[in-house]
Amino acid sequence: MTDKLLEIDHLTVRFKGARTIHAINDLSLSLGEGETLALLGESGSGKSVTLKALLRLLPPKRTEIEGDIRVGGTDILRLSGRSLQRYRGGDVSMVFQEPALALDPVYTVGAQIAETVMRHKGVSRSEAMEVALDMLKRVKIPSPERRLQNYPHELSGGMRQRVMIALALACRPRLLLADEPTTALDATVQIQILLLLRELQKEFGMGVIFVTHDIGVAVEISERIAVMYAGQIVEEGTTREIIKDPRHPYTRGLLAANLHDVARGERLAAIPGAPPALETRPASCSFAPRCALAGPDCRAGLPPVVTPAPRRRVACLRADEAVPAE
Amino acid sequence: MSATELYDRLPDRGGPAQPLLTVRGLKKYFPIRGGILGRTRAMVQAVDGVSFEVRKGETLGIVGESGCGKSTTARLAVGLIDRDEGDIIFDGDALGDTLSLRELRRGIQMVFQDSYASLNPRLTIEESVAFGARVQGLSDPMGRAHGLLARVGLDPARFAQRYPHELSGGQRQRVNIARALAMSPRLVVLDEAVSALDKSVEAQVLNLLSDLRAEFGLTYIFISHDLNVVRYISDRVLVMYLGEVVEVAPVAAIWARQAHPYTRSLFSAMPSMDPDNRTEEPPLTGDPPNPIDPPEGCRFHTRCPFAATLCGRKAPQLRKIGADGHLAACHLHDPTSGHPKAGKIA
């Protein structure tokens, strides 16, 4: 298939060490050109590991990766040397959660953006600086000419995240990976950054994978949502489908735990227990120990993947059962 | 152990009408030192003239963005840092007058956001929970610790001997709650206590906090940046901006009407949760100003859509704007302020 920007097939990621951690277990996912997908999950669900695998940022000595990742038809797990360098930051780039850590403190923001452009586009420093200035304008940084000469510590959190975005988009990637880019920001700044990303996505027409633990953020940014639990995608669909018609008991639990419109004093329908430790590869439904609907069949083997609609899937035996009274 | 044995609550003094905690004109400036001689170069005006009351048995939510002074306010109220100015009155007794710091801490306990940094990594959790009760000379600290661990959902037989690193974030936060309760406080300050937890675990801890409040007759100050959570747990909400209180109101009143323009912006910055009706315009542009050099007059005037010349000159005072104890500090709500739109905007 060539119209797919990204195809992940049966990806498995294990971390070796004193203990083995089965971080990603048989994950498949596809993304079309210009699509925005939110990977939604809690800590340890494997959403950030998926992004890092996509950019080949996982330490090779301690990581075992199986499966296939194709971006625009190229098998990126086989890239090395120059072609890997071109891929990272050229075709695909990433925005991290903590811009203060991701930016280099000893270079001005202009120099950092320009360096990326010179590397990937082979242009001169002055041309690259013009691109940097243009990018700062596009991410709506006030007085961009002056800001080019600023060091990261001279900028506020929201401004630094805008610089991160400018840096990531400077080489016009086809795919942008965003790892909780608004989590560290205040509410009034978070919404500005989300709207900016939405606008730039339309303008540049790139595909976006947006990792978040916040359903509210996912709804604001994405057309599609994939819900992750214990290294697997348990449910995927359009944002509307996931919000209005969640099928997997875990997705339903997450939506209830968001407390949107919960009356005061009402008892919260909390999901009991905690996520599994992932020290063994799951042989049955990972959510079954916390699931109110689980039966012996859920613990006997991996759940089937039900596809109620095109590009909609739910990994649950009970996906078709009536929603319990709320 | 039954709830009454676990809990040696301090006796009520002033009756139900007297606020449990009154804070008046609280001020804290932090110096920024620099240069070779370490001279003070500037002051961070972290908390600047904050006054509020916490009534007996209620939960007061405090909301605001980072740097607004909500955590500093909490730390001042518990006596973790010294105030520059202001009164802290706990059930009628003023700190430094008829109330010692040691007595204040017996009455108020705190739970912090970082569950791991809050616990001594070299103490087992039973030792951590029993520590304060032992220092305060309460009876049977270890029995109390075990009873409280069981009460917060950690079976002492399995957990008492463990170290903090052997627990998950949610479990550690339960330990911190048990430790706070071991002092049998009347007021518990929860400073972003559930913010670092995953949503599914957060709901469990919120249920636990509701149960404990009812069981032990607790009063809470609940600090959070998550408005949904604050709405769920609080009776009244206090909104802070750059070291000042801008609005105080009962939960229902503030959800029905946000009187201060900042409160309104904060509420409209909440994700819509509706894919058919997403947010299109950011309610505010730019970041909050630096508390080292806050704007003159109303501190919000630099970002406020209704700002007039007056707002940059004169700081508005908190005043009553509704029957139910709804207060706001904005010239718009003061018909005599001279603001051209005063009284014209709901």
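In this text, all values refer to a predicted model and were calculated from it rather than measured experimentally. So that the names make sense, note that chain A is the first sequence line, chain B the second, and so on, each numbered from 1.
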Working to the nearest 0.5 angstrom, can you tell me the gap between [X] [atom1] and [Y] [atom2]?
X	Y	atom1	atom2	result
A:Gln192	B:Thr285	CD	OG1	6.0 Å
A:Arg162	B:Asp287	CZ	CG	7.5 Å
B:Thr279	A:Ile191	OG1	CD1	4.0 Å
A:Ile243	B:Asp276	CD1	CG	10.5 Å

Side chain, backbone, both or neither of [X] within contact of chain A (heavy atoms, under 4.5 Å):
X	value
B:Ser268	neither
B:Ser272	both
B:Ile233	backbone
B:Asp226	neither
B:Asp235	both

Under the side chain to side chain donor-acceptor pair (under 3.5 Å) test, residues paired with A:Glu241 that sit two or more places apart: A:Thr238
Top contributor to chain A interface from B:Ser200, B:Ala203, B:Gly67 [non-hydrogen pairs under 4.5 Å]: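 With the most close heavy-atom pairs to chain A, the winner is B:Ser200.
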Summary of salt bridge (charged side-chain N to carboxylate O under 4.0 Å, His left out) pairs that have at least one residue in residues 189-198 of chain A, sequence neighbours excluded: A:Arg198-A:Glu220, A:Arg198-B:Glu280
Heavy-atom pair count under 4.5 Å with chain B, highest-scoring of A:Asn258, A:Asp214, A:Leu254: A:Asn258
Heavy-atom proximity to chain B below 4.5 Å, by part of A:Leu196: neither
B:Pro271 side chain near A:Ile215 side chain, heavy-atom distance below 4.5 Å: no
